[in-house]
Amino acid sequence: MTTAPDTEAELVARADAMSGKSLGELAQELSVDVPKDFRRNKGWVGTLIERVLGATAGSRDEPDFVELGVELKTLPLDARGTPRESTFVCTIALDEVGDLEWEQSRVRRKLARVLWVPVQADPALAVSERRVGTSLLWSPSEAEEAALRFDWEELTGTIGRGDVEDLRGHLGRFLQIRPKAADSHARRRGFDRDGASFQTLPRGFYLRATFTARLLSDLVPPQAAP
DNA sequence: TATTGATCATGC
DNA sequence: GCATGATCAATA
């Protein structure tokens with residue numbers, strides 16, 4: 001069990017030491033089995049990287065590195081180096097988010113400081129052969145935060161008006177709301193237009209891949225066009 | 001083929 | 001049940 005890093009510098013040093021290694025190598029160092037695919041192990045890469053870097057495992061509503069206030073997110077990249085998937089941020093308290101301000105939001109807290117860890121996710125590569133890239137310790141720029149805030153206010157405003165059922169995945173420029181549940185039958189409390197409590201599908205905030213792609217393009221200059 | 005909606009495992 | 005970690009897979 002790796003101990004938690006004491007400083008951001010130590011965290012970054014660990015991330016640098018990890019870059020270039022394959023998931024197979026890292027799994028072997030930790031004596032964990034490598035699945036053939038992620039159909040029944042969807043969080044496997046994230047959990048593996050957590051352990052490598054010494055994040056506090058668990059399901060608490062806290063940053064992965066509590067002392068540092070840093071959140072860890074892996075970023076699955078396709079063969080071109082572009083994120084393949086959106087990034088889950090947090091679940092939504094549908095019965096209270098309408099009363100919150102952006103400053104108090106879980107989205108803002110979660111994204112205040114993030115260590116992005118790119119990992120190859122080209123389906124043509126065997127899981128154990130996929131390699132970890134160069135991590136990026138990131139905080140949103142003013143422009144990025146303003147953009148996220150805009151989406152957040154629009155989306156939570158819809159919830160606050162009692163129109164949660166109008167929320168679809170296509171809403172939101174960079175931040176979107178999609179189901180986040182065990183299955184489509186899951187239910188949790190929300191409020192309708194009349195303020196009456198009712199049961200609805202649990203939902204979460206996700207960052208679109210276009211947003212995370214930008215972060216990486218700031219880190220790695222684009223290759224010259226062929 | 002990009003995206004949205006659905007789903008899987010685990011800990012407390 | 002709800003939080004954590006996400007990817008799968010049907011659809012547009």
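By convention in this document, chain letters (A, B, ...) are assigned in the order of the sequence lines, proteins followed by strands, and residues within each chain are numbered from 1.
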Quickly work out the Glu85(A) CD to dG5(B) P distance and round it to whole Å. 15 Å

For a quick check of understanding: with a heavy-atom distance under 4.0 Å over all strands, which category does Pro202(A) fall into, base, sugar-phosphate or nothing? nothing

Does Arg60(A) have a side-chain nitrogen or oxygen under 4.0 Å from the phosphate oxygens OP1 or OP2 of dT10(B)? no

Using only modelled atom types and a 3.5 angstrom limit, is any donor from either the side chain of Lys180(A) or the base of dG5(C) paired with an acceptor on the other? yes

Touch class at under 4.0 angstrom, heavy-atom based, for Ser86(A) against every strand present: base

Have a look at Phe88(A) and say if it touches a base, only the backbone sugar-phosphate, or nothing, with a 4.0 Å heavy-atom cut-off. base

Between dG5(B) atom C1' and Ile177(A) atom CD1, what is the distance in whole Å? 14 Å

Which one, dG5(C), dA9(C), dA3(C), comes nearest to the side chain of Arg39(A)? dA9(C)

DNA chain C nearest-nucleotide lookup for Arg188(A) and Leu72(A): closer to the 5′ end is Arg188(A)

From OH of Tyr206(A) across to P of dT4(C) the rounded distance in Å is 11 Å

Taking OP1 and OP2 of dG5(C), is either one under 4.0 Å from a side-chain nitrogen or oxygen of Lys73(A)? yes

Describe the nucleic acid contact of Asn41(A) in one word from base, sugar-phosphate, nothing, applying a heavy-atom distance below 4.0 Å. nothing

Between Thr158(A) and Leu171(A), is any pair of side-chain heavy atoms under 4.5 Å apart? no

Electrostatic pair Glu103(A)-Arg149(A), nearest N-O below 4.0 angstrom: yes

Given dG5(C), is OP1 or OP2 found less than 4.0 Å from the side-chain N or O atoms of Thr74(A)? no

Sugar-phosphate only, base, or nothing, as touched by Ala121(A) at under 4.0 Å among non-hydrogen atoms: nothing

Classify Gly43(A) by what it touches in the nucleic acid, base, sugar-phosphate, or nothing, heavy-atom distance under 4.0 Å. base

Side-chain atoms of Arg40(A) come closest, of dC8(B), dT7(C), dG5(C), to dC8(B)

When you compare the side chain of Leu68(A) with that of Leu11(A), does any pair of heavy atoms fall below 4.5 Å? yes

For the pair made of CD in Gln176(A) and C1' in dA6(C), what is the distance, rounded to whole Å? 14 Å

Hey, which of these two, Arg84(A) or Ser184(A), hits DNA chain B nearer its 5' end, going by closest nucleotide? Arg84(A)

Any ion pair linking Arg203(A) and Glu165(A) (charged N to carboxylate O, less than 4.0 Å)? yes

Do we get Arg178(A) above Tyr206(A)'s six-membered ring, with its NZ or CZ under 6.0 Å from the centre and within 45° of the axis? yes

Phosphate oxygens OP1/OP2 of dA3(C): is one of them under 4.0 Å from a side-chain N or O of Thr91(A)? yes

Nearest whole angstrom, please: distance from the P of dT3(B) to the CG of Leu207(A). 14 Å

Residues Arg109(A) and Glu71(A) bridged, charged N to O under 4.0 Å: no

Name the nucleic acid region contacted by Glu71(A), choosing base, sugar-phosphate or nothing; use a 4.0 angstrom heavy-atom cut-off, strictly under. sugar-phosphate

Gap between atoms CZ and C1', on Arg178(A) and dA9(C) respectively (whole Å): 12 Å

Distance below 4.0 Å between Arg203(A) side-chain N/O and dC2(C) OP1 or OP2: no

Atom-to-atom span, CZ of Arg189(A) to C1' of dA3(C) - whole angstrom: 18 Å

Can you tell me the distance, in whole Å, between the CH2 atom of Trp44(A) and the C1' atom of dC8(C)? 17 Å

